[in-house]
Each structure stands twice: as C-alpha cells, then as structure tokens.
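To start, the structure itself, in structure tokens.
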Amino acid sequence: MTDAPAPVPAGPIVVGTDGSPPARHAVLFALREAQLRGTALRAVCAYDYTPARFTGYGWMAVPEGGTTLYEQLHDVARQAVTETVHELRQQLGGPHVEVEIIAEAGRPAQVLLDASKDASLLVVGTRGSGAWGRLTLGSTSTEVVHHAHLPVVVVPADTRGASS
C-alpha cells in the first residue's frame with residue numbers, strides 16, 4: 001500500500017450549458033477545474049424544440065432562406081455557447097484550455113451522459129431558488145447524478161445574484 005495519490009483520469013471535463021446564469025456558473029467552474037487538471041473541456045448544449053418551447057438562448061423564429069428551423073436552432077445554440085465560453089475564458093485568465101463545443105438536439109440529461117462517455121468529470125448547474133430550491137436539484141441534474149458512470153459536480157445557483 002502506498003501513500004501516492006490516485007491518478008486523475010485523463011479524459012476531458014464535460015459541462016452542460018443552456019445559456020442560463022446557473023449554467024454560466026457551471027461553465028466557469030468547469031474551466032477552472034480544467035485549468036487545474038491540465039485537461040480539455042467539452043461544453044455541451046442540448047436543445048429540444050417544439051413551437052412553443054423557450055430555450056435559454058431565446059425564442060426561436062421561423063427562419064428565412066434555405067435553412068430549416070432545426071439548423072437555425074443548432075447554429076444559435078452553438079454560437080451562444082461559443083461566445084459564453086470565450087467570455088468566461090477571458091474573465092478567468094490563466095492557462096489556456098482547449099474547448100470543444102457541442103450543440104445537439106435531444107433530452108439534456110441523455111445528451112450530457114452520451115457526451116461524457118470518455119470524460120473524467122461531468123459538471124452541471126442547478127436552478128434551485130429559495131430555501132426549498134437549494135435543497136433540491138433540477139430534473140436534468142437529478143437524472144445525470146443518478147445515471148452517470150463518472151464523477152459529477154452539481155454547481156449550485158449563485159444565490160448572490162451574480163451570473164459568474
């Protein structure tokens with residue numbers, strides 16, 4: 001038996017994001033952790049569209065031209081995640097972290113679980129608000145925690161009102 005610390009798995013850190021303030025908090029946490037571990041980050045935005053569905057990135061309008069609504073939704077989600085990660089990287093400073101951006105249609109928990117198959121850590125935020133909300137997790141974070149095959153960090157909502 002040795003006192004040497006266990007090696008940290010080499011896979012990327014996967015973080016779920018949907019454009020909400022709690023998700024920004026999770027991305028910032030994941031960027032810091034990736035810097036500390038010297039590993040890559042995979043920022044994943046899962047989206048689900050129905051005509052009356054609101055995404056964290058805003059209401060989707062019927063597109064003009066040659067793109068379909070689904071292509072537009074993918075492009076908007078991917079661009080928003082890219083901008084968020086870039087902004088938070090600049091805010092954080094420190095060592096450069098390679099970031100892969102994934103935007104994929106589907107149920108958020110399942111998309112995150114699929115995207116984390118080779119990961120070392122999965123990070124999600126939670127939207128808990130008020131006394132009861134701080135004691136519970138959202139549906140996505142609950143499902144991820146119960147079905148993940150790797151360590152999961154649930155970053156609590158910033159109760160001070162800051163978005164990062």
Could you tell me whether the side chain of V44 reaches within less than 4.5 Å of the side chain of V15, counting heavy atoms only? no
Check side chain to side chain contact (heavy atoms under 4.5 Å, CB included) between H147 and all other residues, then give those that pass, not counting sequence neighbours. L113, E143
Quick one: list whatever passes side-chain hydrogen bond (donor to acceptor under 3.5 Å, both in side chains) with Q35, sequence neighbours left out. none
Just do the side chain to side chain donor-acceptor pair (under 3.5 Å) check on D75 and Q79 with the steps written out, would you? CA-CA 6 Å; D75 293 347; Q79 183 61 35; over 6 Å; no
Can you list everything that forms a side-chain hydrogen bond (donor to acceptor under 3.5 Å, both in side chains) with E98? Sequence neighbours excluded, please. H96
S116 and L122: which non-hydrogen atoms are nearest, and at how many Å? OG-CD2, 4.2 Å
The criterion is side chain to side chain contact (heavy atoms under 4.5 Å, CB included); which residues satisfy it with V155, sequence neighbours excluded? H25, A26, F29, V123, V153
Can you pull the salt bridge (Lys or Arg N to Asp or Glu O under 4.0 Å) pairs that have at least one residue in residues 84-97, sequence neighbours excluded? R24-E87
Applying side-chain contact (heavy atoms from CB on, under 4.5 Å), run through L150 and S120 and close with a yes or a no. CA-CA 7 Å; L150 73 167; S120 60; 5.9 Å; no
Checking T17 side chain against V27 main chain: does a donor-acceptor pair fall under 3.5 Å? no
Under the side chain to side chain contact (heavy atoms under 4.5 Å, CB included) rule, collect the residues that match up with E100, sequence neighbours excluded. R42, I102
Provide the closest heavy-atom pair for A103 versus A77 in the form atom of the first, atom of the second, distance. CB-CB, 4.2 Å
Sorted by first residue and then second, give each salt bridge (Lys or Arg N to Asp or Glu O under 4.0 Å) pair with at least one member in residues 147-157; sequence neighbours left out. none
Using side-chain heavy atoms (C-beta onward) and a distance below 4.5 Å, is P12 in contact with D118? yes
Expected output: side-chain H146 to main-chain T142 donor-acceptor under 3.5 Å: yes
Stepwise side-chain contact (heavy atoms from CB on, under 4.5 Å) test for V14 and L121: CA-CA 6 Å; V14 172; L121 182 68; over 6 Å; no
Please find the pair of heavy atoms, one from S141 and one from V124, that lie closest to each other, and give the distance. CB-CG2, 3.8 Å
Nearest heavy-atom contact between L41 and A34 is CB-CB, 4.5 Å
For H149, does the NE2 atom sit with more than 12 other heavy atoms under 6.0 Å from it, leaving out its own atoms? yes
Output all residues satisfying salt bridge (charged side-chain N to carboxylate O under 4.0 Å, His left out) with E33, sequence neighbours left out; order by chain, then residue number. R37
Between A43 and V85, the two heavy atoms sitting closest are CB-CG2, 4.0 Å
Residue pair L28 / Q91, side-chain heavy-atom distance below 4.5 Å: yes
